[in-house]
*Asks:* 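Provided herewith is a single structure, encoded as structure tokens, for subsequent inquiry.
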Amino acid sequence: MKANQKKREPLFHIVKRDSLPWQKSWLIRIGAIVAALILCALLTMIITHENPISVYATMIEGAFGTQRRMWNLLQSLAMLLCVSLAVTPAFKMRFWNIGGEGQVLIGGLATAACMYLLGGKMPNALLIIVMIVASILAGAIWAVIPAFFKAKFCTNETLFTLMMNYVAIQIVSYFVMLWENPKGSSKIGIINQSTHAGWMPTIGTNEYLLNILIVLALTILMFVYLKYSKHGYEISVVGESENTARYIGLNVKKVIIRTMLLSGGICGIAGLLLVGSTNHTISTTIANNRGFTAIMVSWLAKFNPINMILTSFLLVFLEKGASEISTVFGLNQSFSDIITGIILFFIIGSEFFINYQLHFRHSHKEVK
């Protein structure tokens, strides 16, 4: 190479944007969804030869076709949102809590244990209070274990919380076998089906309305807590820089442990609602991977509890719609998962263009 040969510039380079106005951010997201729907429509015609408009109409029908489906969608949205609210304080603090699944399971197990062991032995109102306390404590204790080791010994919280999920699954599996009815069935059935002891009360004739209202209240409280409280400010500071937090006098270890107690406690509430109000039983799959999906909900919403209502709705809508596509058109679940995956890929990809921009190389002519 010649010594005076100019170094070739790259075709483009990536530059971080200044903060975009929220209107432009949402325009980019909406554009990404439209592009994803167009691509999914093309794939639908090529692979299945079905009319894509009919496929999208079926998705809407699957989510909103009947009153029952609408309430099911709102119930699923509430449960996903509840777990998302739980992991958000930890993630905002940059504590990667991957253990929401296990914390929900342990909270649900505590609820089921109260129903199974104390049902009929105390007034129902007192039993429900005991269930609430037990589920919150169980979830909080399960979450604070990795928090303690992180604060004390700087362990990797991602692996620790992930492994705690599998421990929780095996503990629940043990008690399901212990309580199974009839023996050998690998399930315990509906707990206290005849007496309804420990069943959460219903509002009117709708069995899901109480769950929805509780989660709505939690959403508002979490928004206020993170945005306006001293604890919320401390979480933000620790998330930005632990060194800065120590420099201004914050006890980082205390903030980590306190935040994970809160995170696990709300996961325990999710377990309480799933067992005591929705299913009235316990199994190893009762959390239904919400602990992992909640991570996406929280991240897409930028850790804003109000925005998480929209992101939760989107994911639940795609799940319900995809299931209906498989049923109506006789397609296997894989195709509906492909559509869901493409839409989510475009939505996640849009965040890149919200936060960064591409600067392309321009040719420069030498001036004589």
Side-chain angles (χ1 to χ4, degrees), residues 63-64 66-88 100-101 103-115 119 124-125 127-140 190-193 196-223 225 262-283 285-294 297-298 301 305-306 308-317 319-320 323:
F64 304 107
T66 65
Q67 188 177 17
R68 178 70 178 176
R69 287 177 179 177
M70 290 177 64
W71 279 111
N72 279 331
L73 181 139
L74 291 174
Q75 155 69 8
S76 298
L77 188 157
M79 290 298 96
L80 177 57
L81 180 58
C82 187
V83 184
S84 303
L85 292 170
V87 301
T88 292
E101 193 85 359
Q103 291 151 29
V104 172
L105 277 174
I106 291 298
L109 178 63
T111 301
C114 292
M115 293 171 68
N124 198 51
L127 175 57
I128 290 174
I129 293 172
V130 172
M131 287 162 49
I132 294 170
V133 173
S135 63
I136 292 174
L137 282 177
I190 303 300
I191 304 173
N192 302 333
Q193 187 170 11
H196 291 187
W199 288 29
M200 300 288 284
T202 59
I203 298 177
T205 58
N206 194 287
E207 57 186 320
Y208 298 143
L209 185 55
L210 178 64
N211 291 9
I212 295 166
L213 293 177
I214 289 173
V215 175
L216 180 60
L218 284 175
T219 303
I220 296 170
L221 290 173
M222 183 60 72
F223 176 78
Y225 176 81
L262 174 65
S263 184
I266 297 176
C267 280
I269 292 175
L272 167 75
L273 297 178
L274 286 169
V275 174
S277 183
T278 305
N279 298 305
H280 306 123
T281 188
I282 183 71
S283 69
T285 58
I286 199 166
N288 197 26
N289 292 322
R290 290 184 179 93
F292 301 110
T293 310
V297 170
S298 181
I306 304 301
M308 279 192 277
I309 298 174
L310 295 175
T311 52
S312 297
F313 170 78
L314 175 64
L315 293 177
V316 171
F317 169 76
E319 177 193 354
K320 301 292 184 184
S323 176

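Computed over heavy atoms, backbone and side chain alike; hydrogens, waters and symmetry mates excluded. Note that the structure is a prediction, hence the values are computed from the model and not measured.
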*Asks:* Minimum heavy-atom separation for Ile128 and Pro201, please, with both atom names.
*Replies:* CD1-CD, 3.9 Å
*Asks:* Distance-only criterion, 3.5 Å: show the donor-acceptor pairs between side-chain atoms of residues 208-217 and protein atoms not counting sequence neighbours.
*Replies:*
unit_1, atom_1, unit_2, atom_2, d
Tyr208, OH, Asn72, OD1, 3.3
Asn211, OD1, Ser277, OG, 2.8
Asn211, ND2, Gln75, OE1, 3.2
Asn211, ND2, Thr278, OG1, 3.0

*Asks:* Closest heavy-atom contact between Gly198 and Met131?
*Replies:* O-CE, 2.9 Å
*Asks:* Going by side-chain contact (heavy atoms from CB on, under 4.5 Å), name the residues that satisfy it together with Asn192, two or more places apart in sequence or in a different chain.
*Replies:*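 Checked Asn192 against side-chain contact (heavy atoms from CB on, under 4.5 Å); matches are Met115, Thr195, Ala197, Trp199.
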*Asks:* How close do Ala63 and Phe317 get, heavy atom to heavy atom, and via which atoms?
*Replies:*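 The answer is CB-CD1, 3.5 Å.
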*Asks:* Report the distance from atom SG of Cys114 to atom CD1 of Ile129, rounding to the nearest 0.5 Å.
*Replies:* 12.0 Å
*Asks:* Applying side-chain contact (heavy atoms from CB on, under 4.5 Å), can you list everything that pairs with Ser135, at least two apart in sequence or on another chain?
*Replies:* Thr111, Leu272
*Asks:* What residues, two or more places apart in sequence or in another chain, satisfy side-chain hydrogen bond (donor to acceptor under 3.5 Å, both in side chains) together with Glu207?
*Replies:* Arg68
*Asks:* Can you list every side chain to side chain donor-acceptor pair (under 3.5 Å) pair that touches residues 262-274, not counting sequence neighbours?
*Replies:*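 Output for this query lists Asn97-Ser263.
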*Asks:* Which heavy atom in Glu101 sits nearest to a heavy atom in Gly291, and how many Å separate them?
*Replies:*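 Looks like OE1-N, 2.8 Å.
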*Asks:* State the CG-CG distance between Leu310 and Leu315, to the nearest 0.5 angstrom.
*Replies:* 11.0 Å
*Asks:* For side-chain contact (heavy atoms from CB on, under 4.5 Å), just list the numbers for Leu262 and Met222, CA-CA rounded to whole Å, side-chain angles, deciding distance to a tenth of an Å, and then say yes or no.
*Replies:* CA-CA 10 Å; Leu262 174 65; Met222 183 60 72; 4.2 Å; yes
*Asks:* Got a sec, which residues hit side-chain contact (heavy atoms from CB on, under 4.5 Å) with Ile286, two or more places apart in sequence or on another chain?
*Replies:*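 Testing Ile286 for side-chain contact (heavy atoms from CB on, under 4.5 Å), a comparison that skips the adjacent residues, returns Leu105, Leu274, Val275, Asn279, Ile282, Ser283.
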*Asks:* What's the verdict on side-chain contact (heavy atoms from CB on, under 4.5 Å) for Leu73 and Phe313, showing C-alpha distance, side-chain angles and the deciding distance?
*Replies:* CA-CA 8 Å; Leu73 181 139; Phe313 170 78; 3.9 Å; yes
*Asks:* For Met308 versus Ser84, what's the shortest heavy-atom pair and its separation?
*Replies:*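 Shortest heavy-atom contact: SD-CB, 3.7 Å.
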